[in-house]
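So the structure is just underneath, and the comments pick up after that.
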Amino acid sequence: MSLLKFPEEILLDIFEYFYFSELIYSFYDIMCVNPRFEELISTRLRSINLSKVDLRCMTKSQFLYMCRYFKSHLDSLDQIQHLILSNQYTFGQIRSFLSQLSFDQFIHLKKLHLIQPALDEYHILFPTRSTQLKHLILDNPECDDNGRVILIDEMDELVILTIQSDHSIQFRSQYNRIENLTLKKLNFLDLIGFSTFFPNLHYLDVTLTGTDIDLSQVHLPLLTILKLRSSRVPHDLCENFFLNLLQLRQLFYSNEIDCRKIPVVDGYRCEAFIKQLPLLEEFQLDLHLLNAHSTDICEITGSFQNAFYLSKNWNIVCESRINSNCFHIYSVPMEISAELSVTTDSFVSSPVLPIDNLYGNVQHLKLNMTANWPLVTRFFPSVDSLELSQLNHSRMIPTISIISYLNKSIFLSKLNKLILPSPCHFDDTLLCYLLQQSAPNISNLEISCHYLLRLIKEEKLQSPLPIRILTLRDDYLPISDQELFINFFKPSLTCLSLFLQNNNSLSDTIQSFLDKFRLLFSLDILLNDLVSMLIHVQLCQMLQQRPKASAELRPMNIRIWQK
């Protein structure tokens with residue numbers, strides 16, 4: 001039975017389970033052609049759930065509808081407790097949203113998530129009068145000219161702060177109320193000032209780099225939960241840091257350790273420093289031991305199979321490739337990122353206790369395809385983003401091998417993003433099989449430009465595809481193929497990133513893209529050399545004639561978005 005034929009009361013009951021932004025995202029196209037749906041959602045809902053408003057994946061028309069709704073229902077802003085704004089695909093969304101609404105109106109906002117905010121945006125966003133904002137997430141914020149993310153001082157009420165950035169972070173003042181801090185990257189040296197900047201810190205999740213520091217200077221007297229992620233940081237340095245935090249109750253430790261420089265870090269060594277943390281209740285680890293010569297998997301596993309670990313029910317697993325002297329030691333359940341990089345190589349695995357739902361939290365899977373396709377694979381039930389890679393390009397990989405592995409490892413029907421390697425050393429049937437048969441929900445595709453064009457020309461891909469977000473890599477889109485490309489993707493494409501030739505026709509090409517891609521609201525153009533002054537002037541003139549478009553013009557990058 002079609003949803004359109006459901007009685008109004010049933011539809012209203014269904015709508016009650018959605019946040020309002022989810023309703024608009026899911027049913028906006030139906031609302032535009034069916035007044036009954038528009039009336040039900042806009043005026044008949046018994047209660048509108050605005051506690052969470054997520055605008056990051058909305059199209060231009062959906063986004064503008066939400067803005068119009070808020071402007072005409074200002075009292076609804078009082079309900080918003082969690083707000084997500086993003087410049088990732090709709091570049092300029094944050095500025096556009098706040099040009100129409102004052103941040104001071106969100107008086108009950110508790111959690112704010114900004115994705116790719118510009119430098120001035122996350123500096124001026126905070127309200128002039130007090131709010132209930134307790135949790136701030138800055139996801140890939142713009143840094144200054146020196147490559148630093150500089151935080152503002154007006155964060156006195158924050159309790160939770162999360163900063164996802166590969167750039168260094170500069171703290172300038174004391175944040176007295178922050179108890180929970182997550183940082184993607186930090187140098188060990190910057191830990192020295194933490195007791196001054198964060199005197200009330202109880203939870204720290206941090207990825208550390210660097211080696212030279214006297215850890216006796218690092219004092220975090222209230223810290224009870226530490227998640228330390230590091231890569232090739234000397235284990236002795238990490239161990240000394242742990243022993244300076246005697247109040248720890250939970251510890252997660254991740255590292256790559258070169259065993260040519262230190263003795264093997266096994267169960268006995270971990271037990272020795274754990275016993276010096278008297279309050280520790282939960283211990284998890286994710287260690288990659290490299291070059292562990294004269295050691296085998298039985299020795300490593302045996303070091304964790306003693307009364308100390310078994311009494312605490314700390315389940316440890318050791319894995320290694322066949323005939324390898326490198327080992328992966330990890331806890332179950334595994335405290336890992338939602339992103340995981342694996343290979344198709346077979347593994348020898350030795351657990352202390354039985355394993356259940358080991359990789360349930362992995363959402364992005366990067367798979368390095370090799371010549372070895374094992375009969376038994378790991379299973380990743382929650383993966384919605386798949387990245388295929390290939391380090392050895394000397395041989396073609398049969399599609400049947402890839403499909404067989406994927407069917408054993410993930411739910412293909414759950415995939416919504418696919419990233420393909422370049423060059424693609426597998427036959428053309430793989431992409432056709434995924435996009436048009438087994439993974440019909442893929443809407444985000446990252447692919448080599450010429451490879452995609454060849455598949456379209458040879459009619460191995462059939463339009464329309466459900467692709468809304470497309471990233472073309474490696475080479476520019478030829479002028480001779482632009483009309484073919486536009487006709488193929490114009491029914492669905494909303495976000496496009498690609499290389500274009502930097503020549504006298506660049507302005508006309510951009511004009512054509514904006515005119516013919518009716519649904520496009522984000523266009524990111526990459527160039528291999530500097531834009532000439534003439535082209536720059538032509539682009540400015542073109543944009544002045546398009547009042548609903550804005551742009552950021554940089555020497556080798558042009559981003560255009562619809563307001």
Side-chain angles (χ1 to χ4, degrees), residues 89 344 364-370 373 383-407 410 412-501 509 512-513 516-520 522-526 528:
Y89 296 120
T344 60
H364 179 99
L365 182 67
K366 181 177 181 180
L367 179 64
N368 175 33
M369 299 179 294
T370 68
W373 297 91
V383 166
D384 59 17
S385 175
L386 175 64
E387 179 177 357
L388 299 179
S389 66
Q390 186 179 356
L391 300 180
N392 184 357
H393 297 290
S394 62
R395 59 179 297 174
M396 183 76 78
I397 298 179
T399 291
I400 190 171
S401 297
I402 304 173
I403 293 298
S404 175
Y405 184 92
L406 293 178
N407 278 322
I410 63 177
L412 288 173
S413 60
K414 286 187 176 182
L415 287 182
N416 58 49
K417 182 175 182 179
L418 176 65
I419 302 174
L420 293 182
S422 181
C424 295
H425 284 296
F426 44 78
D427 67 68
D428 301 336
T429 59
L430 176 64
L431 187 60
C432 306
Y433 177 85
L434 290 175
L435 293 182
Q436 299 179 167
Q437 295 184 49
S438 295
N441 295 316
I442 293 176
S443 60
N444 188 336
L445 177 64
E446 187 171 328
I447 191 172
S448 164
C449 178
H450 285 180
Y451 179 66
L452 178 63
L453 286 174
R454 182 173 64 79
L455 294 181
I456 294 174
K457 290 177 181 178
E458 295 177 1
E459 298 184 351
K460 293 180 178 179
L461 289 177
Q462 302 299 319
S463 181
L465 292 178
I467 303 301
R468 294 190 301 106
I469 301 170
L470 179 63
T471 301
L472 299 181
R473 296 195 313 261
D474 301 334
D475 207 349
Y476 58 81
L477 178 66
I479 295 177
S480 58
D481 293 327
Q482 288 176 9
E483 195 66 29
L484 172 70
F485 172 78
I486 291 173
N487 290 334
F488 191 88
F489 284 105
K490 69 180 179 182
S492 61
L493 208 60
T494 59
C495 303
L496 174 62
S497 176
L498 78 168
F499 282 91
L500 287 179
Q501 286 177 283
T509 300
S512 177
F513 274 37
K516 295 180 180 179
F517 279 117
R518 295 295 184 182
L519 301 179
L520 199 68
S522 177
L523 177 61
D524 189 6
I525 300 162
L526 305 174
N528 288 317

Pairs satisfying ring pair (Phe, Tyr, Trp, His ring centres under 6.0 Å), at least one member in residues 427-483, at least two apart
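Qualifying pairs, neighbours excluded: none.
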
Above 12 or not: heavy atoms from other molecules or residues under 6.0 Å from CD1 of Ile400?
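Counting other residues, nucleotides and ligands, CD1 of Ile400 stays at 12 neighbours or fewer.
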
Could you tell me whether Glu458 atom CD has more than 12 heavy atoms of other residues or ligands within 6.0 Å of it?
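Atom CD in Glu458 is packed in, count exceeds 12.
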
Find the distance between [atom1] ([X]) and [atom2] ([Y]) and round it off to the nearest 0.5 Å.
X	Y	atom1	atom2	result
Asp474	Leu498	CG	CG	12.0 Å
Leu420	Leu430	CG	CG	7.0 Å
Ile397	Thr370	CD1	OG1	7.0 Å
Ser438	Leu406	OG	CG	9.5 Å
Leu496	Phe489	CG	CZ	9.0 Å
Ser463	Ile456	OG	CD1	8.5 Å

Contact check, side chains of [X] and [Y], non-hydrogen atoms, under 4.5 Å:
X	Y	answer
Phe488	Asp481	no
Pro421	Leu388	yes
Leu523	Phe517	no
Leu445	Leu465	no
Leu453	Pro478	yes
Arg518	Lys490	no

Between Asn441, Val383, Leu434, which is the residue that forms a side chain to side chain contact (heavy atoms under 4.5 Å, CB included) with Leu412?
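Only one of Asn441, Val383, Leu434 forms a side chain to side chain contact (heavy atoms under 4.5 Å, CB included) with Leu412, namely Leu434.
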
Among Lys460, Gln437, Gln462, side chain to side chain contact (heavy atoms under 4.5 Å, CB included) partner for Cys432:
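Filter result, single survivor: Lys460.
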
Check against side chain to side chain contact (heavy atoms under 4.5 Å, CB included), Ile447 and Leu431
CA-CA 10 Å; Ile447 191 172; Leu431 187 60; 3.6 Å; yes

Check the pair Ile467 / Leu493 against side chain to side chain contact (heavy atoms under 4.5 Å, CB included), numbers first and verdict last.
CA-CA 6 Å; Ile467 303 301; Leu493 208 60; 4.2 Å; yes

Under the criterion side-chain hydrogen bond (donor to acceptor under 3.5 Å, both in side chains), which of Lys417, Lys366, His364 is the partner of Ser385?
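It is His364; the other options fail the test.
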
Worked check of side chain to side chain contact (heavy atoms under 4.5 Å, CB included) between His425 and Met369:
CA-CA 10 Å; His425 284 296; Met369 299 179 294; over 6 Å; no

Closest non-hydrogen atom pair, Arg473 against Glu446:
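Of all heavy-atom pairs spanning Arg473 and Glu446, the closest is NH1-CG, 3.1 Å.
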
Minimum-distance pair of heavy atoms, taken over all atoms of Gln390 and Asn368:
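Heavy atoms of Gln390 and Asn368 come nearest at CA-OD1, 3.7 Å.
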
